Peer 1: 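Here it is, the structure, as structure tokens.
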Amino acid sequence: MEEEKTNQLEETRAKIRDVDTRLIDALADRMELIQDIIAYKKETGIPILQPEQEAKQTRELQEQLKDNPFEEEILDVFKYIMKNSRRVQAKALFDYNVFLIGFMGAGKSTIAKELERKLEMQRIEMDELIEKKQGMTIAQIFSEYGEIYFRNLESNCLIELQKIKQAIVSCGGGVVLRPDNAEHMKKNGRIVLLTAEPMTILDRVKGSDTRPILNNHMNVDFIEDLMNQRREKYLAVADVIVSTDHKSTDEICDEIIAKLIAYDREHEKKDAEDKAEGAAEKAEDK
């Protein structure tokens, strides 16, 4: 009797393994189809991320699973499938890091969090990374060691970030003050400049005590003057520029994604033209 039960258990486990194999094959097929959809969207200019489509898929699944005893569990599995579908899309779109730069209060951290959710990419807050490594807050680093020491830490951090790929990196407001930093970022990434009006900046940071540069200078005039001093440096290194004034986080993120895709497409086109031109020159030389 015991042996019979053991045999039944092993038979059931074997059936589960068969189901798992079919699931793996089905999921691989699904991911391949997502690649086709991404290629079509890039070619036609359709927005890559479409929350309304995910919502529609969820409603259709709920309808299909009506009265199914495992409805809740199956829906939970599909949440992860959709989450990983976004990850597949991000891998196909951005095989590099996305560096968010801009004046303090421009929205870098907020937008980085939303891009992390939308694209299922790793998010890195440079200031938080520096604080963790130093065991001190940014304000304490400025107070104890000075700004030059902090800028050295920023540069070292960017050099270390060259070892990773596909991360959303929220940079400190003064990261552009050193020309070398732009080179570090561009080696394996695109630089997105987020902008905002001085009044918008003040509204966003006036309750903060974690921005040493603005300590005792929380006013529009000081902010505008400092922004003017840095403006040319920001513009000189940016691959993409997005204003954050009077826009939702969704709108800003969608604009960033669309502009990065357009930027990459333009560069791919230019690279193809350069290769064709080089091949033509070689043919003429022969």
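Nothing here was measured: the structure is a model prediction, and the numbers come from that model. Quick note: residue numbers are just sequence positions, from 1.
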Peer 1: Test Thr21 against every option in Asp25, Ile24, Leu23, Val19 by the side-chain contact (heavy atoms from CB on, under 4.5 Å) rule and name the one that passes.
Peer 2: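 Passing option: Asp25.
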Peer 1: Using a strict threshold of under 4.0 Å (side-chain N to carboxylate O), is an ion pair present between Asp239 and Lys259?
Peer 2: no
Peer 1: With heavy-atom distances below 4.5 Å as the criterion, would you say the side chains of His184 and Gln162 are in contact?
Peer 2: yes
Peer 1: Check Glu266 with Lys269, please: is the shortest side-chain N to carboxylate O separation under 4.0 Å?
Peer 2: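 Glu266 and Lys269: not salt-bridged.
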Peer 1: Side chains of Leu235 and Leu193: does their closest heavy-atom pair fall under 4.5 Å?
Peer 2: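 With C-beta onward as the side chain, the pair touches.
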Peer 1: Do we get Arg190 above Tyr96's six-membered ring, with its NZ or CZ under 6.0 Å from the centre and within 45° of the axis?
Peer 2: yes
Peer 1: Compare all side-chain heavy atoms of Asp127 with those of Phe150 and state whether any distance is below 4.5 angstrom.
Peer 2: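 Yes, close enough: below the 4.5 Å cut-off.
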Peer 1: Count the heavy atoms of every other residue, nucleotide or ligand shown that sit under 6.0 Å from CD1 of Ile148, and state whether that count exceeds 12.
Peer 2: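 Atom CD1 in Ile148 is not crowded, with 12 or fewer foreign heavy atoms closer than 6.0 Å.
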Peer 1: Do Leu61 and Gln64 have side chains that approach each other closer than 4.5 Å (heavy atoms only, starting at C-beta)?
Peer 2: yes
Peer 1: Any side-chain heavy-atom pair from Asn181 and Arg151 closer than 4.5 angstrom?
Peer 2: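 The answer is no, as the side chains (C-beta and beyond) never meet within the 4.5 Å cut-off.
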Peer 1: Do side-chain atoms of Asn84 reach the backbone of Tyr80 as a donor and acceptor pair under 3.5 angstrom?
Peer 2: yes
Peer 1: Any side-chain heavy atom of Val242 within less than 4.5 Å of one from Ile111?
Peer 2: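 SC-SC contact between Val242 and Ile111 ruled out.
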Peer 1: Just checking, any donor-acceptor pair under 3.5 angstrom between side chains of Gln134 and Tyr145?
Peer 2: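 No - no donor-acceptor pair under 3.5 Å links their side chains.
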Peer 1: Answer yes or no: is there an ion pair linking Arg178 with Glu154, defined by an N-O contact shorter than 4.0 Å?
Peer 2: no
Peer 1: Any donor-acceptor pair under 3.5 Å linking the side-chain atoms of Asp225 with those of Gln229?
Peer 2: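 Yes, Asp225 and Gln229 have a side-chain donor paired with an acceptor closer than 3.5 Å.
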Peer 1: Side chains of Lys133 and Cys157: closer than 4.5 Å at any heavy-atom pair?
Peer 2: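 A side-chain contact is absent here, since even the closest heavy-atom pair is not under 4.5 Å.
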Peer 1: Checking Ser170 side chain against Leu100 main chain: does a donor-acceptor pair fall under 3.5 Å?
Peer 2: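 No, because the side chain of Ser170 does not come within donor-acceptor range (under 3.5 Å) of the backbone of Leu100.
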Peer 1: Just do the salt bridge (Lys or Arg N to Asp or Glu O under 4.0 Å) check on Lys113 and Glu116 with the steps written out, would you?
Peer 2: CA-CA 5 Å; Lys113 287 178 184 177; Glu116 174 189 29; over 6 Å; no
Peer 1: Can you establish whether the number of heavy atoms outside Lys165 located under 6.0 Å from its atom NZ is more than 12?
Peer 2: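 No, the 6.0 Å shell around NZ holds no more than 12 heavy atoms from other groups.
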Peer 1: Considering only heavy atoms from C-beta outward, does the side chain of Leu119 approach that of Ile257 to under 4.5 Å?
Peer 2: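 They are in side-chain contact.
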Peer 1: Give a yes or no on whether Lys233 atom NZ has more than 12 heavy-atom contacts from other residues, nucleotides or ligands under 6.0 Å away.
Peer 2: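 Atom NZ in Lys233 is not packed in, count stays at 12 or less.
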Peer 1: Taking everything shown except Glu10 itself, do over 12 heavy atoms lie less than 6.0 Å from its CD?
Peer 2: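 It does: Glu10 CD has more than 12 such atoms within range.
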